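It should be emphasised that the depicted structure is a prediction, and the values quoted were computed from it without experimental measurement. In what follows, chains carry the letters A, B, and so on, assigned in the order in which the sequence lines appear, proteins first and then strands, with residues in each chain numbered from 1.
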2 protein chains.
Amino acid sequence: MNSRFQAIFPVDRAPKEVLLGDSSKEALLGGSTPPSCTRTPCDLDAGQQLYAAGSTGQAWRITAGVIRLDHAGHDGENRFASLAIAGDIVGCETLLFGSYTFDATALTPCRLQPWPEGDTATSGDGLLESLAQAQKRAADLLALRGGQASARVLGLIRLLADRSGQVILPTGQDIADITDLRFETISRIISNLQREHLLSPLRIAGIHATRSYRLAPGAFA
Amino acid sequence: MNSRFQAIFPVDRAPKEVLLGDSSKEALLGGSTPPSCTRTPCDLDAGQQLYAAGSTGQAWRITAGVIRLDHAGHDGENRFASLAIAGDIVGCETLLFGSYTFDATALTPCRLQPWPEGDTATSGDGLLESLAQAQKRAADLLALRGGQASARVLGLIRLLADRSGQVILPTGQDIADITDLRFETISRIISNLQREHLLSPLRIAGIHATRSYRLAPGAFA
DNA sequence: CGAGCGATTGAACCAGGTCAAACGGGGTGG
DNA sequence: CCACCCCGTTTGACCTGGTTCAATCGCTCG
């Protein structure tokens with residue numbers, strides 16, 4: 001099921017070409033959009049690439065998980081450009097330009113829905129809402145790159161946590177890219193947060209689920 | 001002429017209420033949109049507020065100048081949220097929510113056009129283009145908060161410069177807010193750039209036009 | 001002229017970066 | 001089953017770019 005859109009591992013930070021399994025190549029790169037495909041939800045594991053900049057495909061609404069968007073800076077290097085979380089729409093520039101502007105990679109396990117959904121028209125309020133959402137998200141991301149290091153990381157964790165306070169964090173390097181800190185710094189900060197009991201590893205059947213945490217109720221403020 | 005939308009000076013960084021001249025109050029705050037007003041371009045001086053978060057009004061396309069958008073963080077303080085430059089559209093969330101999400105303040109002298117213009121429909125490509133633009137701008141702004149301080153400031157200057165290399169810079173404090181540096185640091189960096197001849201004060205009739213500079217051709221890369 | 005504001009410059013300090021070493025856990029191959 | 005490797009993580013020690021505090025300057029406006 002969720003192998004339909006799998007990219008080969010490990011995904012390089014600045015992939016020059018995207019390697020795809022045979023079964024997924026047509027679905028991702030083909031100009032045609034098979035109806036059976038475009039209507040089907042899609043699951044991604046952490047680290048998997050959803051699409052590459054310049055390639056062709058459809059737009060997606062994120063149901064669960066976190067997607068990282070990258071694009072090439074004018075020095076040619078691939079840089080973190082944006083974050084998309086549950087509720088956000090990614091890749092809708094493809095409706096205008098015919099191809100994706102960013103690379104999209106899952107930072108945590110993700111679930112996606114094709115967009116626009118069913119009878120919802122592309123024009124009008126759907127787009128407008130998406131635009132307003134994007135502006136809000138951009139402002140939030142900007143805030144994650146200002147102020148004290150620990151506040152930035154905590155801000156990101158808050159952004160990613162669900163209402164119950166559970167979070168699946170991206171890798172240290174990804175958090176570092178988002179906050180413009182070093183992964184060593186991230187590691188120290190996460191350790192501190194645990195020491196202060198603002199963050200606790202989430203145990204499932206006694207064992208620590210990878211990068212899963214619970215945010216202390218007091219840490220939401 | 002350009003007194004129509006003037007706010008009282010100096011504009012506080014976190015204005016609780018916007019003070020307006022009598023003639024402008026209705027134009028900015030009135031629920032009704034006088035046709036003669038909505039079709040007329042609008043000019044702003046540096047430091048003037050275009051609109052306040054929560055107030056009612058129309059959307060604008062920026063023809064010239066730089067607008068700063070702020071919104072209240074969850075600590076209540078007003079924080080830099082986004083930048084809008086020539087070609088960008090600001091305040092279009094008002095079409096969806098009925099009121100502005102951000103405070104909008106001119107950082108340099110600005111010229112604005114009501115949006116949408118004339119026969120251009122609100123829906124479809126216009127919005128989509130605006131969305132793509134916003135995403136691109138957001139990524140650029142994020143880049144201005146990462147890496148070495150001098151590279152950030154130079155990046156902002158590049159963003160604000162026209163093709164000929166002329167720039168009108170915002171105040172040191174505004175540059176500091178955008179790049180998340182201190183204004184003393186900005187001052188030192190601008191001084192350095194001048195020492196290295198990457199930036200030269202623009203003289204009009206022999207006198208230095210306030211905050212106007214020319215970016216050296218080599219500094220565009 | 002004085003008030004007020006932004007810009008400039010200097011000097012001391014510290015948050016976070018850098019470099020380096022070691023750890024741990026999951027996957028692979030023998 | 002174990003040995004090994006690969007990677008992300010952790011921790012320590014040192015260094016530095018940018019902050020902080022403070023004093024001064026220069027311009028504009030009343």
Would you indicate which nucleotide in D:dT19, C:dA20, C:dA15 comes nearest to any side-chain atom of B:L181? D:dT19
dist A:R61:CZ -> A:Q113:CD (nearest 0.5 Å) comes out at 9.0 Å
Expressed as a whole number of angstroms, how long is the span from A:I186:CD1 to C:dG17:C1'? 12 Å
Can you check the B:D177 CG to C:dG6 P distance for me, whole Å? 12 Å
Whole Å only: how far is the CD atom of A:E184 from the P atom of C:dG16? 14 Å
Name all stems that contain residues of DNA chain C, defined as runs of 3 or more consecutive Watson-Crick or G-U wobble pairs, both distances under 3.5 Å. C:1-30 with D:1-30
So how far is it from A:D88 CG to A:L112 CG, rounded to the nearest 0.5 Å? 11.0 Å
Rounded to whole angstroms, how far apart are CZ on A:F183 and C1' on C:dA22? 13 Å
Measure from CZ on B:R188 to C1' on D:dT20 and round the result to the nearest Å. 9 Å
Is any side-chain nitrogen or oxygen of A:S191 closer than 4.0 Å to OP1 or OP2 of D:dT11? yes
Closest nucleotide of DNA chain D for B:T185 versus for B:T210: which of these residues is on the 5' side? B:T185
I need the minimum non-hydrogen distance between A:A106 and A:C110, along with the two atoms involved. CB-SG, 3.9 Å
Strictly below 4.0 Å, N to O, side chains only: are B:D177 and B:R68 in salt-bridge contact? yes
Rounded to whole Å, CG of B:D174 lies from P of C:dG6 at a distance of 10 Å
Once you round it to whole Å, what is the distance between C1' of D:dG17 and CZ of B:R152? 11 Å
State, yes or no, whether a side-chain contact exists between A:K136 and B:E93 at a heavy-atom distance under 4.5 Å. no
When you check the phosphate oxygens OP1 and OP2 of C:dA7, does a side-chain N or O of B:S187 lie under 4.0 Å from one of them? no
Is a side-chain donor or acceptor of A:Y51 paired with a backbone partner of A:G91 at a separation under 3.5 angstrom? yes
So, the side chain of A:Q48 versus the backbone of A:D45: is there a donor-acceptor pair under 3.5 Å, distance only? yes
To the nearest angstrom, the CZ-P distance between A:R182 and D:dG17 comes to 13 Å
